[in-house]
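Note that the structure is a prediction, hence the values are computed from the model and not measured. A note on names: the letters A, B, ... follow the listed sequences, proteins ahead of strands, and every chain is numbered from 1.
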Protein chains: 2
Amino acid sequence: MTKPPMPDLADFSPFRDLPPEGRRLLERGATSRHVPSTTPLLHKGQKASGAYFVLEGHLRVYALAPNGTEATLYTIAPGETCVFALNSLFNDLLYPAWVQAVEPTTLAVLPAATYRQLFAEQPLIRDFTVRTLSSLVFHLMGQLEEVHAYTLRQRLANLLLTHAASSGELRMTQQQMGFHLGTTREVVARLLGEWVDAGLIHTRRGATRLLDPAALSRLLDGSAPSAD
Amino acid sequence: MTKPPMPDLADFSPFRDLPPEGRRLLERGATSRHVPSTTPLLHKGQKASGAYFVLEGHLRVYALAPNGTEATLYTIAPGETCVFALNSLFNDLLYPAWVQAVEPTTLAVLPAATYRQLFAEQPLIRDFTVRTLSSLVFHLMGQLEEVHAYTLRQRLANLLLTHAASSGELRMTQQQMGFHLGTTREVVARLLGEWVDAGLIHTRRGATRLLDPAALSRLLDGSAPSAD
DNA sequence: GCGCCTCTGTAGCAAATGTTACGTAGTCGG
DNA sequence: CCGACTACGTAACATTTGCTACAGAGGCGC
C-alpha cells in the first residue's frame with residue numbers, strides 16, 4: 001500500500017493560521033517522528049525535551065502502580081498536544097506519569113526554545129497553550145473527583161456509556177477496561193457478568209454491546225448497586 | 001484590635017513588577033473581598049466571574065461525593081490564584097469542584113475582561129498564568145496517580161510526612177485528615193491507632209506528633225502493610 | 001463544678017475490591 | 001484438525017475500606 005499523505009504540523013490549528021514569520025519558525029524547528037504501537041514514549045521522572053503534537057494515532061498517559069496495575073489519566077488525539085511537554089517547558093518539572101502510543105502514531109516535535117519563542121510572539125499560540133492547559137486541568141479534576149465519588153461499578157458503567165461508539169458497541173478487551181479504570185480484568189469480568197445476567201449488555205471477545213443504556217445510566221446515581 | 005495592614009494585590013508577584021500601565025489596569029479593575037472561615041465560595045457547576053487571588057488565608061478546593069465524603073484536590077495559599085477562574089476565563093467551562101475558605105480569607109477579584117487584557121499585554125502575566133496552570137496540572141496528575149497507586153495507609157503516612165511542620169507535629173484533627181484523603185474519621189483513627197501502638201507517632205487532641213518519621217517513610221514503598 | 005460540645009479510641013460488621021486459581025471458548029497458523 | 005495463544009467466565013478467599021455504635025477525654029463557658 002502506498003503511504004497515506006504525511007500529515008504536517010502546519011496543517012493543524014492553531015499553526016495553520018499563523019502569520020508567515022510564525023510558520024517560518026515552525027519549518028525551521030519542527031521535526032517529525034513516528035512511533036509504533038505500544039511503544040513507551042516517556043517514563044515517569046524523565047524530562048521532556050520539547051513540545052509534542054500528535055499528528056496521527058493516539059497516545060495514552062497513564063499512572064503505573066508499584067504492583068503493576070495501570071490507570072489511564074487521559075489520552076491525546078490528533079491535533080492535540082502532550083501537555084507534559086508544555087509543563088516541562090515552562091516549569092522545569094519532571095513529568096509525573098508514563099506515556100505510550102496505543103496505535104502507530106506520528107508526532108511533531110518542537111524544540112523548547114522554538115515553542116517558547118512562538119508563545120512569546122504569537123497570540124494564537126498563547127491562547128492555544130492556555131486553553132489546552134486549562135482543559136486538561138478541567139479534565140483531571142473531573143477524573144479525580146470521579147475516583148473519589150464513584151464506585152468502580154459506576155465508573156465502569158460510565159466508561160461503557162461514554163466510550164461506546166454510535167453502534168452501541170465498545171471495542172475494547174476487558175483487560176484494557178481494567179487498565180483504564182485502574183483495576184484488574186477479573187473485577188471487570190465480574191461486574192460485566194452481573195450486567196449480562198441482567199440483560200443490560202452482551203459481551204463477546206474484544207467487544208461489549210450495550211442492550212439497555214438507560215438502565216446503565218440509572219446505575220450512575222442510585223447508590224443501590226446490584227440487583228436485589 | 002486594630003486592623004492589620006490590608007494586603008494589596010499590587011504587592012504580590014507578578015503584579016508587583018508590572019509596568020505602570022499594567023498597574024493602572026489593576027487599580028481600576030480589582031476589587032477586594034473578605035470571606036469568613038468555612039464559607040463556601042463556589043459550587044460545582046457554577047461559573048466563575050473573574051480571576052481570584054488569595055491575599056490572606058487559605059482556600060480549599062475539594063470534591064464532594066454523593067454520600068457526603070469530601071476529598072481535598074488542592075489548596076490555595078496567599079499569593080496564589082484560583083485556577084478555576086483562569087479556566088473559566090479562557091474556556092467557558094463550568095467549574096468542576098467546590099471551593100471553601102478554611103480560615104478567614106481575603107481575596108482580590110479581577111474581572112475577566114481585565115485579566116484577559118493583562119494577559120494579552122503583559123508578558124509577566126502570561127508567564128505567571130502558564131506556570132500556574134502548569135503546576136496545577138502537575139499537582140493533579142500526582143494526586144490522581146497517588147489515588148490509584150497507593151493504599152490509604154500509604155497516603156495517610158505521606159500526609160503526615162509531607163504536612164508535618166518542622167516541629168514534627170501536624171496540627172489537624174483526624175476528621176480533617178479524613179476529608180483530605182477522601183475517607184472517614186474512623187478509618188483515620190484506626191490507622192493512626194496502629195502506628196501509636198507501634199510507637200511511630202503520638203496523638204493528642206487536634207495534633208499528631210511524628211516520633212519515627214523514618215519508619216513512616218518505609219511504609220510508603222514496602223507493600224507489607226501492617227505490623228506482623 | 002457542670003453541662004455541652006468537639007475530638008478521639010475502639011469494636012464489630014458489611015460491602016467493595018483485589019488475588020489466586022482454573023476451566024472454557026474463540027482465533028490463527030500450520 | 002491441532003496446538004498455541006489470547007480473551008473470557010467463574011469461584012473461593014483475603015484485604016481493605018466504609019459504616020454504625022458507643023464510651024471516654026479535653027476544652028470552654030457559665
On a heavy-atom basis, which atom in B/Thr208 and which in B/Ile201 lie closest, and how many Å separate them?
CG2-CD1, 4.0 Å
List the atom pairs, donor and acceptor, that lie under 3.5 Å between side-chain atoms in residues 102-109 of chain A and the rest of the protein, sequence neighbours left out.
unit_1: A/Glu103; atom_1: OE2; unit_2: A/His58; atom_2: ND1; d: 2.7
unit_1: A/Thr105; atom_1: OG1; unit_2: A/His58; atom_2: N; d: 3.2
unit_1: A/Thr105; atom_1: OG1; unit_2: A/His58; atom_2: O; d: 3.2
unit_1: A/Thr105; atom_1: OG1; unit_2: A/Glu103; atom_2: O; d: 2.6
unit_1: A/Thr106; atom_1: OG1; unit_2: A/His34; atom_2: ND1; d: 3.1
unit_1: A/Thr106; atom_1: OG1; unit_2: A/Glu56; atom_2: OE1; d: 2.8

Looking at five pairs on each end of the helix from C/dG1-D/dC30 to C/dG30-D/dC1, what is the angle between the two axes, given to 10 degrees?
30°
Check side chain to side chain contact (heavy atoms under 4.5 Å, CB included) between B/Leu211 and all other residues, then give those that pass, not counting sequence neighbours.
B/His202, B/Arg209
Rounded distance in Å - CG (B/Leu156) to C1' (D/dT16):
14 Å
Within this structure, what is the CG-OG1 distance for the pair A/Leu181 and A/Thr69, rounded to the nearest 0.5 Å?
11.5 Å
May I have the distance from B/His202 (atom NE2) to C/dG9 (atom C1'), rounded to whole angstrom?
14 Å
In whole Å, I'd like the distance from the CZ atom of B/Arg204 to the C1' atom of C/dT6.
15 Å
Tell me the interatomic distance from A/Leu181, atom CG, to C/dA16, atom P, rounded to whole angstroms.
17 Å
Is the phosphate of D/dG9 approached by A/Thr203 (side-chain N or O, under 4.0 Å from OP1 or OP2)?
yes
B/S/- along nucleotides 17-25 of chain C (protein heavy atoms under 4.0 Å) is BBBBB---B
Test of understanding: with ring-ring contact (aromatic ring centres under 6.0 Å, His included), list the residues that count as partners of B/His43, not counting sequence neighbours.
none
So, does A/Gln174 get its side chain near the phosphate of D/dG9, meaning an N or O under 4.0 Å from OP1 or OP2?
yes
In whole angstrom, give the distance that lies between atom CZ of A/Arg155 and atom P of C/dA16.
14 Å
Output the rounded distance in Å from CZ (A/Arg171) to P (D/dA7).
13 Å
Does B/Glu194 reach the main-chain N or O of B/Leu191 with its side chain, forming a donor-acceptor pair under 3.5 Å?
no
Starting at atom CD of B/Glu70, determine the distance to atom P of D/dG18, rounded to an integer number of angstrom.
14 Å
Give me the one residue out of B/Gln176, B/Glu70, B/His180 that meets side chain to side chain donor-acceptor pair (under 3.5 Å) with B/Arg60.
B/Glu70
Rounded off to whole Å, could you give me the CG-to-C1' distance for the B/Leu170 and C/dT8 pair?
15 Å
When you look at OH of B/Tyr150, are more than 12 heavy atoms from neighbouring residues, nucleotides or ligands closer to it than 6.0 Å?
no
With B/His139 via ring-ring contact (aromatic ring centres under 6.0 Å, His included) - residues at least two apart
none
